[in-house]
Each structure stands twice: as structure tokens, then as C-alpha cells.
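Everything below concerns the one structure shown next.
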Amino acid sequence: MTDIIIIGGGPAGVSAALTAKNRGKNVKIISNSPEQSNLWKSKLIENYPGCPNVSGEGILKIFREQIDGAGIDIIGVRALNALPMGNSFSVSCGKDYFDCKALILTMGITQQTTYPGEENFLGRGVSYCATCDGMLYRGKKVAVIGLNEEAGSEAEFLRSIGCEVEFFDKSRAKKYEIRGDESVTAIVADGTEYFVDGVFILRSTIAPGSFLPGLALENAHVAVDSAMKTSINGVFAAGDCTGRPYQIARAVGQGNTAALSACEYLDKI
Ligand SMILES: Cc1cc2nc3c(=O)[nH]c(=O)nc-3n(C[C@H](O)[C@H](O)[C@H](O)COP(=O)(O)OP(=O)(O)OC[C@H]3O[C@@H](n4cnc5c(N)ncnc54)[C@H](O)[C@@H]3O)c2cc1C
């Protein structure tokens, strides 16, 4: 079992991984591709010490080289959720599961807000993963709200297993509401109602509260103390997901603290 899994390969996650590895822990990072991160879009970073006049893409490439050089595994997928299993955690990435003793959340900010009905029907018709739940909707009608790069191929996958798919890309609708009773019965997209049995919402990120049920939040960010401990024993968080200011230097510092706290936690259990 891995000692520490880090969700997110931005500045906070990379810093946490390097520190934990230095402390002799076995570490894995699970992260979307760097191209999907907010930092990739930055043309010029002028306030991060040691890397003058670098772009977001440039600094992420330097981070990646350092992670590869340290021999740290990066699993390049979206993590869907984590479940506490007594003294460990199981992280689901769709078909694959990864177990760890401690978790560090460094998933950045999720800019999308959840849609009305989304949280209420999660697991009762709302899903974030076509690969995991598609078979449940074989022969049925589903809506796919495609907000990430893989959404088109995920919709094709659902068609290939026999689902009737109503696909909404970013240009087709802006506002959604999910309706139902025991389970989902319809989606309303920009005022038009479509009768469906399921709704797949495919974003590149997942809000921390949906990722780890029961995690305490504060103003939509993960609530942490000064040691970067969250409300769940064995779970730590760092970087933009913990609040403002959204800055690389802060994310790196917090990643370091979160890793040291996670190491201390592991040495005691
Ligand atoms: C255009 C722009 C310019 C900026 N310029 C500056 C600047 O000049 N100086 C500065 O200090 N800061 C700048 N920032 C802010 C800076 O990018 C952030 O503060 C910093 O990247 C936060 O690091 P982080 O590790 O917390 O999160 P992020 O860098 O957001 O990294 C999080 C990573 O986790 C991944 N992820 C999220 N959820 C999941 C999941 N469920 N499964 C797998 N992977 C997941 C994301 O895709 C991302 O790769 C800028 C931001 C933007 C958008």
C-alpha cells in the first residue's frame, strides 16, 4: 500500500511529493494532464523565486522533470473520489483503485459550481464517470454534460454500449437543473426539459466536498488548520483548494507543511 497519495500535480502537490519522498515515504501523485491545469494558461510568472520570467507551461515542465528525477510515480488520470477504509483510504479513478495510508488534497480551485439537483441525485442518476457507471444505463437515455477534454470520447463510449445519448457541450447550454423523484427523470438545459434516466457530468475537476464526503469546507474551500490537517484524520490539504491568495509560493509552502504533517501522522499510526 502507498504511504501517501497526492491528488493534483500542481505546485502544492509537487512540493508535497518531493518533501514526503525526502522523508523516506512511498508517494504517488494522481493528476490530470498539466495542460488541463489553470497554471498552464499563465503567460508569465514574475514572482516565484528561482524561476525568473517563466511561463506556466515552463514551470510545470520544470516541476515534472524534478518529480521524474526523484522517481515519484505520477498517474495521469482524474481521481473521482476517496473513501475512508478504517486506517487507510481507497481512491477511485474509474476502473482503477489505489490504496494509501494518508491523503494530501492539492486539487486547486474548482471554478464550476454544482448544478441544482446535482448533489441530491449523486449516485441516484447523477454520475461523474461514464466508464464506471455506463453499464447501469445500457438501453436507457442519458444526458452528458461535457466540460472536459475526454467528454466526447466518453459520450461515444456510452453510445457504444447501447445508451441513447443527449450530448451537451459548452456551446449548447449554460444552465442546467437535474430533476427527479427517487432517481433522475429529467434534465433542464437552458429552460428546455429532456427526459433522461441518468446525467453524466464530466468536468476535469471535482469539488472537494464531492470528492471526499464529510470533508469540512469553509467558503467552498477545504478547511485546514495551520499544520494543513483537514477535518478527517489522515487527510491533509494544501494550495488553492484551501483558500486565497491563489499564489504559487503559498501553494508550495503549504504543500511542504502538509507533507511534513502527513509524515508525522504516518510515523504515529
Ligand atoms: C492565468 C493565471 C495566471 C497566474 N499567474 C500567477 C503568477 O504570476 N504568480 C503566482 O504566484 N500565481 C499565479 N497564478 C495562480 C497559480 O496558478 C495558483 O495559485 C497555483 O497554480 C496553485 O497551485 P495548486 O497546486 O494549489 O493548484 P493547481 O496549480 O490548480 O493544480 C491542481 C492540479 O490538480 C489537478 N486536479 C484537480 N482535480 C483533480 C482530480 N480530481 N483528479 C486529478 N487531478 C486533479 C488539476 O487539473 C491541476 O493539474 C495564476 C493563475 C492563472 C489561472
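Atoms within a ligand are numbered from 1 in the order they appear, just like the ligands themselves. The analysis underlying the following values was restricted to heavy atoms, covering all of them including side chains, and did not include hydrogens, waters or symmetry mates.
Not a single protein heavy atom sits closer than 4.0 Å to atom 51 (C) of ligand 1.
Heavy atoms of Thr106 found under 4.0 angstrom from ligand 1 belong exclusively to the backbone. Residue contacts with ligand 1, taken as heavy atom pairs separated by less than 4.0 Å, involve Ala251 solely via side-chain atoms from C-beta onward. When heavy-atom distances to ligand 1 are checked against a 4.0 Å cut-off, Leu80 has no atom that comes that close, whether in backbone or side chain.
Heavy-atom separations between Val14 and ligand 1 are all 4.0 Å or longer.
For the residue pair Ser127 and Asp133, a side-chain donor N or O sits within less than 3.5 Å of a side-chain acceptor on the partner. Judged by distance alone, the side chains of Tyr137 and Glu164 never bring a donor and an acceptor atom under 3.5 Å apart. A side-chain donor-acceptor contact under 3.5 Å links Arg250 and Thr242. Judged purely by distance below 3.5 Å, without hydrogens or angles, the side chains of Asn47 and Gln247 pair a donor atom with an acceptor atom.
Between Ile45 and ligand 1, no pair of N/O atoms sits closer than 3.5 Å.
In this structure, atom 37 (C) of ligand 1 lies nearest to the protein heavy atom Met107 O, 3.2 Å.
Across the listed options Ser42, Ser204, Ser37, Ser42 owns the non-hydrogen atom lying nearest to atom 1 (C) of ligand 1.
The pair Lys101-Asp3 meets the salt-bridge criterion, with a side-chain N (NZ, NE, NH1 or NH2) lying under 4.0 Å from an Asp/Glu carboxylate O.
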